[in-house]
Amino acid sequence: MAINEKYTKPYDPSLYEKDIYAAWEASGYFNPDHLPGERSENFSIIMPPPNANGSLHAGHALFVTIQDILIRFHRMQGKKVLWQPGADHAGFETQVVYEKKLQKEGRSRFDMTREELYDEILAFTMENKSFMEGQIRDLGASCDWSRQTFTLDDKVVAQVKKTFAQLQSDDLLYRGLRSVNWCPKHQTAFSNLEIQHNERKDKFYYFQYGPFVIGTARPETKFGDKYVVMHPEDARYSEYTHGQEIEVEWINGPITATIIKDEAGDPEMGSGVMTITPWHSGIDFEIAQRHDLTYEQIIDERGKLMSIAQEFEGMPIMEARAKIVEKLDAKGLLVKVDDQYEHSVPMCYKCTRELEPQLKQQWFITMKPLAEKALAAIDSDCVHFVTDQHKKIALHWLNSIEDWNISRQIAWGIPIPAKICTDCDHGMVDLADAITTCEKCSGPVVQDPDTFDTWFSSGQWPFTTLNFPEGSEYKDFYPTSVMETGADILMFWVLRMIMLGIYVTGDVPFKDVYLHGLVRDKKGQKMSKSKGNVTAPSEVADVYGTDALRMGLTVGNTPGTNMNLDPQKIGAYKKFANKLWNISRFIYTNVETFDIASYDTEALSPASQKILQDFHVIKTDIADDLQHYRIHLASEKIYHYIWHTLADEIIESSKASLDDSATTDARQDAQYLLLTLLGESLRLLHPFMPFITEEIWKDFPSEDKDLLMVTRW
RNA sequence: GCACGCUUAGCUCAGUUGGUUAGAGCAUCUCGUUUACACCGAGAGGGCCGGGAGUUCGAGUCUCUCAGCGUGCACCA
């Protein structure tokens, strides 16, 4: 197309983006092995694998944009660059999405075998995965698709199991009866990080329990309470001795209660006396363990009372609570009710239902030794946090880390390679699938039905994707240059990658950590489907173009803080794309007779030399910004330069020199200056707005030019 | 309870190691425009940088404190 014809129309992204991406992909330059020229330095990013269970949202668009900017910048700096993409099976997350789908179809996972469910979710995930990959391409991501990894690929699963066994042999793994966070709806346990605490006002009941008054918000758990705990120093109860037995009248008749003196009893709290329910409270369980007490399950996995509750058996919690209070009141044991009791209750982060602590045999990782090495790495800046506030949060969490429950009672995930004894419940790690009898009691064994917490495998992602330990990728690119991901998964993912990376490979998985905040709507509200305020990247890109979307997500978006995304802002960068289009039209149509290769730069006027020097300063400044992850500043600077310096000043003042009445020297001086600045500006802007810059670059008069994406700065 | 943030123009936000007259986008107002571009240009108004104290030759930036807003972790008889 003739230059004037092409540029006469406003820039229309939809005419060019698909073809340009295809040209990039066909060039092979996404793959570090096929990059042109000598490249001594390496630069690498492992892409956080998006969940393969739905469409990309604005947060995905943000991380793809930030990472692509860094990748393209370093590639144009002449580095050997790997951006390793992936897709996440996202265990529990995906299973929840799929269960909703089942529900709509009038089905339930509890009517299916684990194998049937697994196969159906696998098919569902694979379909979504390819859909999602198309959306990442649409955003312009220059990642190496030839190395794409799925979190259930054989190599990943094999390494994850190996690590599990290694933890066992290093004595960092145990299977034990512990209080776990159990969701009665989803029928699985969660790690401590996955639970959400909600403030709530509830009734708080005081009951007469023998000579004591005890308080509780959960009367329905009290059937098995046969221990009375008080602080050993509490003078009010000095007449009672540890282990002393007393007869008390309780919900379903008289029981024998035992006095326990333990420092967990807080004299300041209520009467200073409490009864304990070890099966349904982590703290109570610890007390029970300290004193070797017995305990019993009161509430079943579905949230219903068990046979110990006698007449209340089978009732759901809330129904039982009211009736038990009624009965205790009738027996004259209800002392008072406080209905202004504020407390926070643990909820399932998915269904916002109350979690029920249950005692379960689960696999736990002993985290302290792993955390200590991570702390040292962060402290010494071997892992450098770009955002200082997240370094503080990381140190705080690692310093008070708790053991990690990695067992999940869901089908969609990596099966835990272990055998469980059906007689004594003893668990044995079994990578080779060779164990047939219990090592403790010689009883029969079955495969552990549970799967790993997704974050256990994700935590090993950097080195598994790079083919640890023998792969060339691992040798060339580990530790990777920077981990860029959402600040909301700092503890879930980033810190676990650091801990497991150091543990398995002996080295940190990445040198820098760059965390971005949430993308919210223009009013600062969290985007959600139910609110209808979701900005779908694909829809925005259709209206304004991908380049405009990328700029809108980038300019002024400080690392680590949330951003409010106003579509109007993206519209502003659509205007900018068109401005650049017209700048190019003006320059190209005015240099058609000019041969830049044969122009003698010695002849350049001092004024033009000064302009080029000024440009060089800006360019150095922008490069420095990008080296230091100041993407929000770099993008604004190049925007400002192109519009308000190149267009408003340099082009405007060049018009006189390009006029017919001007001398040949003056005209050539202006032509050289404008063409040079256009070429340079396209390079600088390319990482941010890759499509339009590549398209304009096609018309740049140069002998042996390659794609702009591999043109050096 | 422990910890981490935020507060700058009407709105959304930048402001890197303290250093000229505190910036941008959007919005508002005025003027201009047969042209590279109305997806335009020139210009204007608008800010005791949350309050107070301190360090300094100099503070939006550092320290302390108060207030408001937000977030994470933990606990909950």
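Just so it is clear: chains get the letters A, B, ... in the order the sequence lines come, proteins before strands, and each one is counted from 1.
In this structure B/C29 sits in a base pair with B/G43, meeting the Watson-Crick or G-U test at under 3.5 Å. Across all strands shown, B/C76 forms no Watson-Crick or G-U wobble pair with both distances under 3.5 Å. A 3.5 Å limit on both hydrogen-bonding distances identifies B/U12 as the Watson-Crick or G-U partner of B/A24. Judged by Watson-Crick or G-U wobble contacts below 3.5 Å, the nucleotide B/C4 has B/G70 as its partner. Across the strands present, B/C57 finds its partner in B/G19; the criterion is a Watson-Crick or G-U wobble pair with both atom distances under 3.5 angstrom.
The side chain of A/Q568 has B/C26 as its nearest neighbour among B/C37, B/A3, B/C26. Here the side chain of A/Y341 is nearest to one of B/C37, B/C76, B/A74, namely B/C76. Counting only heavy atoms from C-beta on, A/H343 has its side chain closest to B/C76 among B/A36, B/C76, B/U16. Counting only heavy atoms from C-beta on, A/I283 has its side chain closest to B/C76 among B/C76, B/A77, B/C39. Nearest nucleotide to the side chain of A/L193, out of B/G25, B/C37, B/C73: B/C73. Which of B/A36, B/C40, B/C13 sits closest to the side chain of A/K575 comes down to B/C40. Of all nucleotides listed (B/A36, B/C39, B/A77), B/C39 comes nearest to the side chain of A/N578. In the set B/U12, B/A74, B/G72, the nucleotide with an atom closest to the side chain of A/M491 is B/G72.
For A/K392 against B/U71, no side-chain N or O and base N or O form a donor-acceptor pair under 3.5 Å. Taking 3.5 Å as the limit, the base of B/C37 and the side chain of A/K579 contain a donor-acceptor pair of atoms between them. With hydrogens and angles left out, the side chain of A/S344 and the base of B/C75 share a donor-acceptor pair within 3.5 Å. Counting distance only, with no hydrogens placed and no angle test, the side-chain atoms of A/E652 and the base atoms of B/A36 include a donor-acceptor pair under 3.5 Å.
Between A/I622 atom CD1 and B/U16 atom P the separation is 17 Å, expressed in whole Å.
Under 4.0 Å is where a charged nitrogen must lie from a carboxylate oxygen, and between A/R218 and A/E356 at least one such pair does. Checked for salt-bridge contact, A/K6 and A/E695 meet the test: a charged N lies under 4.0 Å from a carboxylate O.
B/U71 and B/C13: their P atoms are spaced 15 Å apart (whole Å). The separation of B/A59 from B/U20, taken at their C1' atoms, amounts to 15 Å, rounded to a whole angstrom. Separation of the C1' atoms belonging to B/G47 and B/G23 is 11 Å when rounded to the nearest angstrom. Comparing B/C6 with B/U17, their P atoms sit 13 Å apart, to the nearest whole Å.
Considering every non-hydrogen atom in both A/L549 and A/P537, the closest pair reads CD2-O, 3.8 Å.
Residues A/F285 and A/Y295 bring their aromatic ring centres within 6.0 Å.
Listed for the A/S584 side chain is no donor-acceptor partner under 3.5 Å among the backbone atoms of A/I696.
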